[in-house]
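All ligand and atom numbering here is 1-based and tracks the order in the structure. Just so we're clear, the structure is a prediction, and the values are computed from it rather than from any experiment.
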Amino acid sequence: MPRRFPIQLKLTLGSLFPLLVAILVCWLTGFYLIGSRIGTQAQDKVRTDLNSAREVYLNELEHIRDVVKFTGRSPQAATALNRGDRKTLDTLLTPLLNNEQLDFLNVVNAYGQIVFRAGNPAETDASRWSSRLVPRLMSGEEVSGTMVIPYEELLKDNPRLAERVVIPVQATPRARQYTKKYERAGMFLVAAAPVKNAGGAVVGALYGGIMLNNNTGLVDKIKRIIYEGVQFDGKDAGSATIFLGDLRIATNVTAPGGKRAIGTLMSEQVYDRVLLEKRKWVGRAFVLDDWYFAAYEPIFDPDGKAVGSLYAGMSEKPYLKIQGQLNLIYAGVLFFGTLTGIALSWKMGSRLARPIRELENHARRVASGEREVQIAVMTRDEIGDLAEEFVQMTRALSQREEEIRNLNRDLERKVQERTAELEDKNLLLVRTREELVRAEKLAAIGELAAGVAHEINNPMAIIRGNAELLQMAIPEETPSREEVDTIVQQVGRVERIVANLLKFAHRERKHPGKSDINRLLDEILNQVGHQVSLTAISVQKRYAFDLPEIEGDADQLRQVFTNLILNAVQAMDGGGVLTVTTKNNSTDGDCEITIADTGAGITRENLEHIFNPFFTTRSSGTGLGLSVSYGIMKDHGGRIEVESEPGKGALFRVIIPLAQ
Ligand code: ADP
């Protein structure tokens, strides 16, 4: 048998499956969108941050340019330069160097020779400055940019820079191999402007700059401006760095110890892209020990050489945290959504399945024979309709069953009636057959008896005549006279038998007349009294006095009642009660005569034979009395019935129609 798969589970799974698919898709899409959105936004932000950082960087350069430009226009400077007046230049430029916090401020003459160093006024080395820039300055142009100045040179410009310039290189994971242990070159923001005399002719040039090595002021300014002190986990979220080549020379990125990561290197991947390919890097980058959203761009010197790089970036952690939190919220919402979905769909499934289960229950009860099944209207839907139909069906079923039961009852009654009728008919048939048999028997016996009687009559007449002659001839006192008397007596008996036989065989024709039965019975009782002694017998007459005269052969009727009364008297040998009753059944058109005795009674076995001719239990009986009476009654359209119990007597009932 296939496994049972309940409707509730099916509904739950059915509604849950699309929900789960939708939730899964939302989940994945959400994860992807959050991740990519945050990534894109972070990249956009660091790109803008880098732009801002560049602006701050260029502003700083602008400031130096303004300083040198305006000082270069001063006639005093031109005059002093013309005259080679180092003192005046010192008075003019040294305060400027200090006030504007420049790291060096030099003056070159029209030949490009450095004639004065405000950062190191004592220095008299008049070596030539940049052969490429000086001509441009002499033509009146202003020049500015980032420059890398070798250690020996920068010490000439300002010996105090020795403290800040040297940066010990530290091993950095994922960075390229750095060849030097210390970086001694300095990276500077440098601006140069021509010095013009009163006539406007260029007499020399002024150039100054600030060193970027260990210059935390600039990077902190950048960070302050673009990240406005945003912190994460107690640390600044954003950072800015200035690289000399791939070496951090000014930064607020911190190393694991919490110190600024000056002297560490950018990752090789970024180096290749920014310094070798001279392209921007915007994206995830490994900074020191962690992943950052970072933007790098190359810093070019006035000759167009990529000498360093500017970086702005933020740790990924806050974003990852936000992303994690968002994912968590999202997952939570989806999780609870799923739970609610499961609960709702389970609940809905259960609501749908409950009435179905109830119906199933009812169906089972109906199947087991219960009919009084009540179903409340459960739901207003197809299931409700089904329940309604089910109730109707049960009602119809119970009606049909009631009808069938009634039909069965009718059928049973009819069968019983028919069976009873059939039994009656059978009984009638049996009786008729018995009658027929008896009639046939009687007819055959009658014929035989008639023949025998006829044949016996003549010899009997001769025997009688001769016997009577003998009687007359032999005197009474003669000893042989007794034998002759016995012969005459027995001949008389034989004649009676023969007469009875003839009566039985050729039943005499009826002589219709009217008889008063009560009177007839009285006469018979009277006559019987003469024949046999009735002294030991009490005769009780219970006559119906409204008995009308009946039609029939009076002699034949007399014979019947005489037989019955004699039989009764003979049955009560030691005395008893003889009850003769007459009853008027005029409604049925007949009358009933019963002759009851308290004699020996008739055994059950004999009851069947007593109406048969020659059946007798008496030694002197002929066995023809009852059979003849039976025939007479039949001729009159009546009948004789008998009831008897051995030892208690017998009752013979004669029923005769009042009219023939
Ligand atoms: P018979 O009287 O010559 O014997 P019946 O035909 O009159 O012939 O009776 C047949 C038999 O029926 C009797 O021999 C007797 O056994 C029985 N019988 C008739 N009437 C009675 C009765 N009243 N009580 C007992 N037995 C009877």
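- Between Phe611 and Phe652, the ring planes are perpendicular. Angles over 60° get that label, and only those under 30° would be called parallel.
- From the protein, the heavy atom lying nearest to atom 26 (N) of ligand 1 is Ile602 CG1, 3.7 Å.
- Ion pairing of Arg354 with Glu358 is absent here, as no side-chain N (NZ or NE/NH1/NH2) approaches a carboxylate O to less than 4.0 Å.
- In terms of protein heavy atoms, atom 6 (O) of ligand 1 is closest to Leu626 N, 2.8 Å.
- Taking 4.5 Å as the limit, some side-chain heavy atom of Cys591 sits within range of a side-chain heavy atom of Ile550.
- Residue Leu564 has no nitrogen or oxygen atom sitting less than 3.5 Å from a nitrogen or oxygen atom of ligand 1, judged on distance alone.
- Using a 4.0 Å cut-off between charged side-chain N and carboxylate O, Glu477 and Arg481 make no salt bridge.
- Given atom 4 (O) of ligand 1, the protein heavy atom at minimum distance is Thr616 OG1, 2.6 Å.
- Counting heavy atoms under 4.0 Å from ligand 1, residue Asp597 touches it through the side chain alone.
- In this structure, Gly599 has no heavy atom closer than 4.0 Å to ligand 1.
- Interface atoms of ligand 1 facing Ala571, defined by a heavy-atom separation under 4.0 Å, are 22 (C), 23 (N), 24 (N), 25 (C).
- Note on ligand 1: Ala600 sits outside its first shell, no heavy atom being nearer than 4.0 Å.
- Among all non-hydrogen protein atoms, the one lying nearest atom 27 (C) of ligand 1 is Arg618 NH2, 3.7 Å.
- Those atoms of ligand 1 with a heavy atom of Phe615 less than 4.0 angstrom away are 10 (C), 11 (C).
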Would Glu412 and Lys414 satisfy salt bridge (Lys or Arg N to Asp or Glu O under 4.0 Å), going step by step from the backbone distance to the final call?
CA-CA 5 Å; Glu412 230 167 89; Lys414 275 181 187 158; over 6 Å; no
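- The distance criterion of under 3.5 Å between nitrogen or oxygen atoms is not met by Gln570 with respect to ligand 1.
- Taking CZ of Arg639 as the start and CD1 of Ile656 as the end, the distance is 11.5 Å to the nearest 0.5 Å.
- By the 4.0 Å N-to-carboxylate-O rule, Asp522 lies close enough to Lys541 to be salt-bridged with it.
- Within the 4.0 Å heavy-atom shell around ligand 1 one finds Ile610.
- Listed by atom number, the atoms of ligand 1 under 4.0 Å from Ala568 heavy atoms are 23 (N).
- In this structure, the protein non-hydrogen atom closest to atom 3 (O) of ligand 1 is Thr622 N, 2.8 Å.
- Between Arg405 and Glu402, at least one side-chain N (NZ, or NE/NH1/NH2) sits under 4.0 Å from a carboxylate O, which counts as a salt bridge.
- In Thr617, the parts holding a heavy atom less than 4.0 Å from any atom of ligand 1 are both the side chain and the backbone.
- Comment: Arg558 engages Glu523 in a salt bridge, judged by a side-chain N to carboxylate O separation of less than 4.0 angstrom.
- Checking Leu566, Val569, Ile565, Asn567 against atom 19 (C) of ligand 1, the nearest heavy atom belongs to Asn567.
- Contact check on Lys514 versus Glu549 returns no salt bridge, with no Lys/Arg side-chain nitrogen under 4.0 Å from an Asp/Glu carboxylate oxygen.
- The backbone N or O of Ile602 sits less than 3.5 Å from a side-chain atom of Ser644, completing a donor-acceptor pair.
- Ligand-side atoms of ligand 1 in range of Gly621: 1 (P), 3 (O), 4 (O), range being under 4.0 angstrom from any heavy atom.
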